[in-house]
Amino acid sequence: KLPANPAVCPLSRVAPGSLVRIKELQATPELCRRLREMGLREEQQIRILLQDRNVVCRVCNVRLGLSAKLADTIMVEPLQPRQDR
């Protein structure tokens, strides 16, 4: 299923340091419920901290590790980079 917005891609393809917004969860209903319980819900902003075999992101000031397979089911859109000083 291709997203309507061409900027939307799976979380597993986002570079470390990126700030993104979750647009859609494409996992099973049970897994989507569990992701939402962990704070990974639609319109939530998250920062990608590490991208390797697994994805480590920060959501609600908590570090969360996800398998690449699970990250493939989380569709995100990029946000403007934060201006660090």
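Given the structure is predicted, the values throughout are model-derived calculations rather than measurements.
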Give the table of side-chain donor-acceptor pairs shorter than 3.5 Å for residues 60-72, with sequence neighbours excluded, one pair per line with atom names and distance.
| residue | atom | partner | partner atom | Å |
| --- | --- | --- | --- | --- |
| S67 | OG | L70 | N | 3.0 |
| D72 | OD1 | S12 | OG | 2.3 |

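Considering all non-hydrogen atoms of both residues, R21 and L79 come closest at NH1-CD2, 3.5 Å. Nearest heavy atom pair, residue C32 against residue A27, reads SG-O, 3.4 Å. Heavy atoms only, all atoms of each residue included: R47 and G17 are closest at NH1-O, 2.7 Å.
Taking CD of E77 as the reference point, atom CG of L19 lies at 10.5 Å (rounded to 0.5 Å). Distance CG/L11 to OG1/T73: 8.5 Å, rounded to 0.5 Å. Rounding to the nearest 0.5 Å gives a distance of 13.0 Å between CZ of R33 and CG of L25. In this structure, the separation between SG on C57 and CD1 on I74 is 7.0 Å, given to the nearest 0.5 Å.
The hydrophobic cluster containing V14 does not contain V8, counting ILVMFWY residues as joined when their side-chain heavy atoms lie under 4.5 angstrom apart, directly or transitively. Residues M38 and V55 share a hydrophobic cluster, clusters being chains of Ile/Leu/Val/Met/Phe/Trp/Tyr side chains in contact below 4.5 Å. A single hydrophobic cluster is seen to contain both L31 and V59, as judged by linkage of ILVMFWY side chains at heavy-atom distances under 4.5 Å, directly or through other members. Hydrophobic clustering (side-chain heavy atoms under 4.5 Å, transitive across Ile, Leu, Val, Met, Phe, Trp, Tyr) keeps M75 apart from I46.
Taking the charged nitrogens against the carboxylate oxygens, E30 and R34 have no contact shorter than 4.0 Å, which rules out a salt bridge. Salt-bridge formation is not detected for the pair E42/K23: no Lys NZ or Arg NE/NH1/NH2 atom is positioned less than 4.0 Å from an Asp or Glu carboxylate oxygen.
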